[in-house]
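Down below is the structure, laid out as structure tokens.
Lettering follows sequence order; numbering is per chain, from 1.
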Amino acid sequence: MAFNFAAFSYIIALIGDAFLIFFSIFHVIAIDELKTDYKNPIDQCNSLNPLILPEYILHMFFNVLLALAGEWFTFFINLPLILYHINRYRTRPVMSTLGIYDPTSIMNADQLTLCQREGWIKLAFYLISFFYYLYGYVMALERSVE
Amino acid sequence: MAEPNGVTVPKGNLQYQFNGLTSNNSSRGGSPIPRLGPIPSSQLPPSRSIPQSQLPPSRATVAGLTQAVGNLTVSSQSTPNISPTKFSASTPNQVHHPSAVFSENSSPIVPNLMDNVPLKETTQSEVQTRNSEAQQSSNLNILSSSNTMQGPQQQASDYFSQSTPFEVVPSVGNVHQQPVQSNGPFNNRTQIQVQNMPHSRLLQNKQSSSLRNVNPAGSQTQNFPTKSDPSGQASNMQPQFSSAPLTSHVAQQKIAGIQSSALIQAPPQNKLTYSTSPHNFAQYPQTQTSKQSLPHINQKMYSQTLPSASIAAPNAGPNLNQGPPQFNTGLPSQVPPYSQSSTAQPTGPMPSQRFNPQINYNVGPPNLNGPPTSQTIKPPSLNTSRYPSMPASQQLKQQQLTSSQPNPYSQYPPQGGVVQTGFNRLWGAENIDLLQNPNVLPPHKLQPPLANLGQEQLNQVNCSPDVFRSTVTKIPESSSLLQKSRLPLGLLIHPFKDLNYLPVIHCNVIVRCRSCRTYINPFIYFVDSKRWKCNLCFRVNELPEEFQYDPLTKTYGDPSRRPEIKSSTIEYIAPSEYMLRPPQPAVYLFLLDVSRFAVESGYLNVFSSILLEQIRNLPGDARTQIGIIAYDSALHFFSLAEGLNQPHEMTVLDIEDIFLPTPDALLVNLKDRIDLIEDLLKLLPKRFCNTYDGNSALGAALQAAHKMMFSTGGRLTVFQVSLPNFGPGAVTAREDPNQRSTAETVLLNPTNDFYKKLALECSSQQIAVDLFILNSQYVDIATISGISRFSGGSIHHFPLFKLSRPLSVDAFQKCFNRYLTRKIGFEAVMRVRCTRGLTINNFHGNFFVRSTDLLSLPNINPDAAFGMQVAIEENLAENQTVCFQAALLYTSSKGERRIRVHTLCLPIANTLQDVIQSADQQCIIGLLGKMAVDRSMSASLSDAREAFINVAVDVLSAYKFSLNMGNPSSGILAPECLKLLPLYISAILKHPAFRMGTPTRLDDRLKAMMDMKTKPLYLLMQQIYPDLYPIHNLEFEEMVLNEDEEPVSIPPRLHLSSRCLENKGSFLMDCGDHMMIFVCPNVSKEFLTDTLGVSDYNNIGDDMIEIPKLDKTPNKRLHQFINYLNDEKPYNVTLQIVRDNSPNRSQFLEKLIEDRLENSLSYHEFLQHLKTQVK
């Protein structure tokens, strides 16, 4: 049972994905707090914005690993999300700091629902892919055994 | 204008008392027109859903009648509006009437301590009323109880009085007024009659023709008096007045209440007008007397004159709706009008006779004494040929139109069509084919539709549409119904509007719902005397002991007498729980751009002189602070420290890391250092006159100002002339002058977020930044406006400002004057709550949204308005009504914490027809404009334009669908309440904010977009679709009284099309923030000399911005008219006189937006386009 590169990238993806799950849970909670008036949008954006880029980079990073390992199927599953992230960042409001949330527009109902839906969908996606990576890891190990 | 409970307060004497300590300017904005309740087609009686099938077919002929009477219903609701003061005692719902005493107390500036103030007022008004009105009110009561009895005659007369300009319904709410408006002068009666025809064109044709089928002779004869109605009414009064001695009238009047003879009753009512206010009569020139007796005047003097007559009509209203049967019987019995008025009906019961006077008014004596009087009294009737040459030409066109479509109602299904149309009209649901009706514009200001809550009492107290207005006056019960109607759902609010009448309450406990924190309001439900049920979250709350106390009677019990329950606009003086810190002082800081361009423009001179003039009038108390910073590429601080003989200037060159040279002497107490400040203002213009510094470090100056005001908050006023190209927040010129016909999305958005971030910081320190932009080149408003947009500031723009251009200087002076003296609220927040099931989605305006329903407004000013989009989340079918409540918490300039609460209550609609019929077209346009600004910034300008057209198409399609007509018609059908929507949409597409094809400077476009977001609706509508009036024949126009009780000639509004212009005329265009007078080349010599005060046409200078005051009547008349228009605005706006061959001509002509302009469709073409789209 040799530990090959594919299995390694799956392990990284697993760990990364666990972080991503936490990020999106945090995201969902934060947006919900905004909706229910618990937090000031300026503070909330200040706490959300620094996490955006790490999340995107982390996601892209293990996908690159997976691609390098030749796990094309996994990579293509993740490709739409990568593209979405790139587009989301490209069309962010004009701002001098990192991140995509602008406290002046986040309180608009359409923005808020968009963010919330985005958070939930990502959370679901990350959860499912967590198990998929686990499966992929096992499969990669098995393949290396044969 | 104070309409807290839907009641217009007579301005005149009241206004000035309100102004009290603020200033003359600060509480303007009232309309002196006796505001007649509009006839919103939405105000339909609850019994509306009578299926047509249940009605006997023979009703067809009656339908028209019914409808006319149905209209009356509405006028009934408006009647109380006409006569607020005197009615208060007799009608229980309007107890708060602003008597003078109260008004003074209620002025927010006057420290007002007592909670029983409003009640004190009540007593007073009651006393007043009792004296003057005792008998009338008692009569009225009798009347109201028995109006069913007067069926035939009364209804008939009303029908006729209304049959004329019937379709103009929404603009006017008063029966008496209608004919006048379209008729114009009544000196030549023949012309009036002809004129009326086209006005009533389609609808009246249908109506009267249906009538004719039955009773041709009768309808003919009675139609006649109708048309000359105003003159009839006028002349009715005239001879009586002149012939009978006053004393006898008074005597008669005393009898009137008791007498049962109609003959005797009619005169007193007329007479009383004069006997009570003889001075009015005396001050008019003889030629005007007949005009003076026009209905408007009566309404002004309402209390004694109209009530008995016009209330009688209203009371009849509700019953009339029940009544086709009555009419059936009534119709044949219609006697020629004056047999009714002149012969008493001694047999009838008393109340019904009370109506006769009204018949007398509307129908009666015109034939007897009308024509002779008017002719003898009016010398100008010689000019009859001159008068409405224009309207006459219009009318010709209309006649042609009508004749070309001899059978306008062929569009309706032949079977039962008459019944259906009659019924449609009965419920105000008539539709108008826009293609066949090019002249949809009502001759007078469009009155907003009012919500009908089913109870007169609630309607009375509902929030004034000037303050709080919804796009529909009936909320659809579900979002799918809303979706079907395709109407946008939203609210426009003008929360801090200057009000003439505002109850102020000071109490220990402010009663609010425990769970949703709603303030108690007139629309809550008292479970018992100890508990109330919240109308927003439906929780049952306890009433505090204090609330049981009725200060009026000094007894406990009946909480419904409290002012909170009697007015939906109310102000509380907040106890200390509403303060996070002690109320802040008024702090004013001025930032002046002194770069080369700025100095060249010379604005500093104007700034200094105006500020010097007004420095003692700045709102504030003894703690008021003031400071000035100038900036070019460096910051110039002015130290005003104690002991200095003259201000010290300190220049800070390091602008990257701002520090304050002397932190405590820059912002100083106004009272203590007023001499130093005045010195500084005198020095300022000269100090920088030799500067050649072309840079402007706006960002650094703002940062410095933020530091200075950090601890207190306040108002920061920035004067920006050149592009802020230096230091932090620098921007570059990015406009491409060749691309001005459109605007790329990126150019509409800011380049950096410096100003936005700074604005948010300012907002959290309660600093608002107001921008005055006096640029002559690009300054990137898109970017720098962020500082105001998110800090609750206001933006003022004077493009191409130069000291040498009187027009721009005048505009700046007037605006700045108003700006300095208007009311101001500091550290404000506004929360908008709504009934469970609705949510507020999106806010529009200048503020920062701190949480879902909380707007943070560091400053609030009386000229700021907001919009919000509303979504329906749950089915509202169980509710009868929904409520919106906006609560504005602010610190007044006197350091008092106050809460101003507005509550709007709207009924629920459950059918598509209902929803569409309740639409408020102006409000819809206001909201669409705001949404389109967002759309053009997020997507693109052409997207936004497309969205406008889609709305028009969708709404009209939805309406067509709701009509459910068998055969598709060829035209574009629009309901009465939406007939102007396509016109407004085609106009807004040509507004500088959204136009394409016409070169528009990017800054102008951005400013227009900001206006779209922040201007109050009444000003915005004038920007979108300016009011155009002919002013060359003012002496023949209808008169109303202004606040000083002087008669003002009000010409009818014209369509913005060159077809309405004529070569011999002169026209005034009111664009909201400025006015233009366009003088056509062939205008009469007399007009030039007597009105404009110029000897020759070519002597009208290009820079003529005012009309000299001459001692000639035509000139005075024009001045009065202009003042009258200005009275509705926050300040007197600039006037520009444009000659047909002057270079400014295009400024006027480009506003004729119904014409085809380069690259844009004319209104007619736009309709054609819609027609192809509407399915």
Counting only non-hydrogen atoms closer than 4.5 Å, does Thr751(B) touch chain A with its backbone (N, CA, C, O), its side chain (CB onward), both, or neither? backbone

Give the ring-plane orientation class for Tyr10(A) versus Tyr133(A), where under 30° counts as parallel, over 60° as perpendicular and anything between as tilted. tilted

Between Arg789(B), Arg850(B), Gln869(B), who has the most heavy-atom pairs with chain A when the cutoff is under 4.5 Å? Arg850(B)

Just do the side chain to side chain contact (heavy atoms under 4.5 Å, CB included) check on Arg88(A) and Tyr56(A) with the steps written out, would you? CA-CA 10 Å; Arg88(A) 185 99 162 90; Tyr56(A) 291 1; 3.6 Å; yes

Which residues satisfy the salt bridge (charged side-chain N to carboxylate O under 4.0 Å, His left out) test with Arg836(B), sequence neighbours excluded? none

Side chain / backbone / both / neither for Asn841(B) at chain A, heavy atoms under 4.5 Å: both

Do the side chains of Leu748(B) and Leu1002(B) get nearer than 4.5 Å, heavy atoms only? yes

